[in-house]
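What follows is a short report on a single structure.
A note on names: the letters A, B, ... follow the listed sequences, proteins ahead of strands, and every chain is numbered from 1. Remember, predicted model here, so these are calculated numbers, not experimental data.
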Amino acid sequence: MTNPEEEKVTEKKSLNFIEAKVEEDLSKGKNGGRVQTRFPPEPNGYLHIGHAKAICLDFGIAAQHGGVCNLRFDDTNPTKENMEYVDAIKEDIQWLGYQWGNEYYASDYFQQLWDFAIELIKRGKAYIDEQSSEEIAAQKGTPTQPGVESPYRNRPIEESLDLFHKMNNGEIGEGKMVLRAKIDMANPNMHFRDPIIYRVVDTPHHRTGSKWHAYPMYDFAHGQSDYFEGVTHSLCTLEFVVHRPLYDLFIDWLKEIRGEGDNMDDNRPRQTEFNKLNLNYILLSKRNLLILVNEGLVSGWDDPRMPTICGFRRRGYTPYDALNDFALMESAIREDLNATATRVAAVVNPVKLVITNYPEGQLEEMEAINNPEDETAGSHKIAFSRELWIEKEDFMEDAPKKYFRMTPGNEVRLKNAYIVKCTGCKKDENGEVVEVYAEYDPDTKSGMPGANRKVKGTIHWVSYERCLEAEVRMYDRLWKVENPRDELARLQNEGKTSLEAMKEMMNPNSLEIRPVCYVEEFLADAKPLDHFQFQRIGYFTVDKDSTSNHLVFNRTVALKDTWAKTM
RNA sequence: UGUCCAAUGGUGUAAUGGCAGCACAACUGACUCUGGAUCAGUUAGUCUAGGUUCGAAUCCUGGUUGGACAACCA
């Protein structure tokens, strides 16, 4: 489904920019001619469409240069991470069509990172601080003001060494002490102001259990992990630009300690940043997605309205669409499914149509083309009878001039069947239309010469006697606002919590369940993730909740509807 | 009164000193047994003021606007 040529389209500028660097390094003979990347998720949530971009780049760059891309879980915070996320992340990457080389974990390097930290303390480049987080934060200064040095900054090395061991064997409670790198409290880059590199966490780790109590911070683990693995090109988002000098410094120190000081420039990860994905009507903050899930505002991480990979999958997107062009996903999925989805008839807002001059009890098998865009797709049969279900919207008693559907005196074509003339309707005591009447012209059956008459409108239908009941879930965008991230920030400034703000921003029509719809019998054997076009309505996929007794379809995306626009 | 990053039609982008192009969206029309698809066409852009240059979206300077950075998160 995906190949490197396709991915090139996704982020041409960034990719060329990154590619240029890779080629330059290759031409200089750096890294012994190796190209190695990695995709480094934290297993604390499900992958979303923003990660898909990173996956494309990480795997794509490696593949294009004959290199390898490994999967590394940056699992340095046991309070948020677990194996459920590890498994889901792996499944999603594979669904996207990628296969990593090795599977690594930052926790694999805890010993090496510990040894490195010990060495830094011994060399006077790190110290134990026992101030509160508030005190440390206050001393950090601001981006425009230099910070103040900690009173513990110059404590004896032996003391720090001893306390660091105590941090790790459980003698020191959480929040009581941290290990800080001794760099420069006045540096304009905040990350250089004696960053915390180790803290105490008493929650057991999902892989290392209770072996460790002192855990490295991300900034002390990420760059070194890349280095330990031999990563040559470390791709990440723009927000990490300011972290890069710190990572470089740690690698410098590590190289010196390892006696590679004469070879500082080669065989070390080179970080290149790319722009984060930002899509209209989509919120990609993991923290807030987690709130949506935990508070039950959506049905789970794979709710078809979620911007997660598994959400898109359940919604009916294909890996191709998710990767082809993020910004144009709706257009991409229509183009894709237009070419591939089997056309079927489904009535999602039913009203009965009676063909009054069609013999009672008679049944005909009509031929239905599976896909007019693909001659090789063949056709299937659909049952036609005197009584049919049609859409309520396809009948109007008093219709405007440009209305081409059922209205008394008007002719319409029943798709794949006959041309009929509307004769009227029956209403209940509330004035609600309960039955529509029409007469058919027996000479106009599809395929017969008489069918070639010009008729303005064609409507879809299913047989009243020969159809299946189905639940149809009409999904729409989750948010009312175009920039949910900005709106969320605005509402939070007004003092609202994330949850309150998200409730306010949610599109009340993001899910409309139609419990009783009718679909043609052809769909009896449809399997989850099969794609169909419900003619004149949209593209639908079979939900994982669907059973042969209770069919459930999810709307992937509606067909374009120029009529609705002119209304 | 910091450091870093960025600014091209409504949206996403291409052009790396040499004709501002593409896609999506929108709008016309044609065609159509899906008011879909398809086809043809239209509208619409280099943040700003200088400078360098034969020539600037591109290089330089100032300004404006937006973003990132002050978690014992990643």
Closest nucleotide among B/U32, B/A26, B/C73 to the A/Lys560 side chain = B/A26
Complementary nucleotide for B/C22 - Watson-Crick or wobble, under 3.5 Å = B/G12
task = Mind calculating the distance between OH (A/Tyr152) and C1' (B/C72) to the nearest angstrom?
result = 16 Å
ask   = Under 4.0 angstrom, heavy atoms only, what part of the nucleic acid is A/Ser132 near: base, sugar-phosphate, or nothing?
value = base
key: Gap in Å between the two C1' atoms, one belonging to B/G45 and one to B/U3, rounded   = 32 Å
ask   = Are A/His222 and A/Tyr247 close enough that their ring centres sit under 6.0 Å apart?
value = yes
task = Identify whether any heavy atom of A/Asn416 sits under 4.0 Å from a base atom; if not, whether one sits that close to sugar-phosphate; answer base, sugar-phosphate or nothing.
result = base
task = Using atom CZ of A/Arg72 as one end and atom C1' of B/A74 as the other, report the distance to the nearest whole Å.
result = 12 Å
ask   = Between the base of B/G36 and the side chain of A/Glu373, is there a donor-acceptor distance below 3.5 Å?
value = yes
task = Could you measure between the two C1' atoms, the one in B/A56 and the one in B/C47, and give it in whole Å?
result = 16 Å
task = Select base, sugar-phosphate, or nothing to describe what A/Gln131 touches, counting heavy atoms under 4.0 Å on all strands.
result = base
ask   = Tell me: CG of A/Leu246 to P of B/A74, nearest whole Å?
value = 13 Å
ask   = Expressed as a whole number of Å, how far does the C1' atom of B/A71 sit from that of B/G66?
value = 24 Å
ask   = Ring centroid separation for A/Trp114 and A/His165, is it under 6.0 angstrom?
value = yes
query = In Watson-Crick or G-U wobble terms, both distances under 3.5 Å, what is the partner of B/U34?
reply = none
key: Whole-Å C1' distance, B/G12 and B/A7   = 14 Å
note = To the nearest angstrom, the CD-P distance between A/Gln271 and B/C5 comes to 14 Å
request  = Return the nearest nucleotide to the side chain of A/Thr562; candidates are B/A71, B/U34, B/G36.
outcome  = B/G36
inquiry  = Can you tell me the base-pairing partner of B/C27? Count Watson-Crick or G-U wobble geometry only, both distances below 3.5 Å, and say none if there is no partner.
reply    = B/G41
Tabulated below should be each protein N or O lying under 3.5 Å from an N or O of nucleotides 63-70 of chain B; please produce it.
{"from": "B/C69", "atom 1": "O2'", "to": "A/His191", "atom 2": "NE2", "distance (Å)": "3.4"}

task = Rounded to the nearest angstrom, tell me the gap between atom NZ in A/Lys415 and atom C1' in B/A37.
result = 11 Å
message = What verdict does the side-chain contact (heavy atoms from CB on, under 4.5 Å) test give for A/Met217 and A/Arg180, after you've listed the backbone C-alpha separation in whole Å, the side-chain angles of each residue and the deciding distance to 0.1 Å?
response = CA-CA 10 Å; A/Met217 297 287 291; A/Arg180 299 178 70 181; over 6 Å; no
ask   = Can a donor-acceptor pair be found between the side chains of A/His460 and A/Glu391 at a distance below 3.5 Å?
value = yes
query = Ignoring hydrogens and angles, does a donor from either the side chain of A/Arg405 or the base of B/G35 sit under 3.5 Å from an acceptor on the other?
reply = yes
message = Tell me whether A/Glu364 is salt-bridged to A/Lys445, with the criterion being a basic N under 4.0 Å from an acidic carboxylate O.
response = yes
ask   = Would a line drawn from the ring center of A/Phe540 to the ring center of A/Phe553 be shorter than 6.0 Å?
value = no
inquiry  = Using OP1 and OP2 only, check whether a side-chain N or O of A/Arg536 sits under 4.0 Å from B/G35.
reply    = yes
remark   = Here the distance between atom P of B/U34 and atom CD of A/Gln533, to the nearest Å, is 11 Å
query = Considering only the C1' atoms, how many Å lie between B/C72 and B/U61, rounded to the nearest integer?
reply = 44 Å
note = Partner of B/C59 under the Watson-Crick or G-U wobble criteria, both distances under 3.5 Å, comes out as B/G51
query = Which part of the nucleic acid, if any, lies within reach of A/Val241 when heavy atoms closer than 4.0 Å are counted: base, sugar-phosphate only, or nothing?
reply = sugar-phosphate
key: Nearest listed nucleotide, side chain of A/Glu42, among B/C73, B/C72, B/C33   = B/C73
query = How far does the C1' atom of B/U48 sit from the matching atom of B/A6, given to the nearest Å?
reply = 16 Å
task = Quick one: label A/Lys456 by what it contacts on the DNA or RNA (base, sugar-phosphate, nothing), any heavy atom closer than 4.0 Å.
result = nothing
key: Distance between P atoms of B/C33 and B/A26 (Å, rounded)   = 24 Å
inquiry  = Can you identify which nucleotide, out of B/U34, B/C24, B/C73, has its nearest atom closest to the A/Ser331 side chain?
reply    = B/C24
inquiry  = Can you tell me how far apart CZ (A/Phe522) and CZ (A/Arg343) are? Round to the nearest 0.5 Å.
reply    = 12.5 Å
ask   = Taking the six-membered ring for Trp, are A/His243 and A/Tyr218 ring centroids under 6.0 Å apart?
value = no
request  = Identify whether any heavy atom of A/Phe220 sits under 4.0 Å from a base atom; if not, whether one sits that close to sugar-phosphate; answer base, sugar-phosphate or nothing.
outcome  = nothing
query = Base, sugar-phosphate alone, or nothing: which one does A/Arg193 contact when heavy atoms must sit under 4.0 Å apart?
reply = nothing
ask   = Counting any heavy atom closer than 4.0 Å, what does A/Gly447 reach on the DNA or RNA strands: base, sugar-phosphate only, or nothing?
value = base
query = Can a salt bridge be assigned to the pair A/Glu330 and A/Arg477 using a cut-off of 4.0 Å between side-chain N and carboxylate O?
reply = no
task = Could you work out the separation of B/U43 and B/G21 based on their P atoms and round it to a whole Å?
result = 13 Å
remark   = Whole-Å distance, A/Arg287 CZ to B/C73 P, equals 14 Å
ask   = Given the rule in the side-chain hydrogen bond (donor to acceptor under 3.5 Å, both in side chains) test, do A/His213 and A/Asn169 qualify, once you have shown the distances and angles that lead to the verdict?
value = CA-CA 6 Å; A/His213 289 271; A/Asn169 63 24; over 6 Å; no
inquiry  = What is the distance, to the nearest angstrom, from the CG atom on A/Asp336 to the C1' atom on B/G36?
reply    = 16 Å
message = Side chain of A/Pro372, heavy atoms from C-beta onward: which of B/G35, B/C73, B/G36 has the nearest atom to it?
response = B/G36
ask   = Given that both distances must come in under 3.5 Å, which nucleotide forms a Watson-Crick or G-U wobble pair with B/A71?
value = none
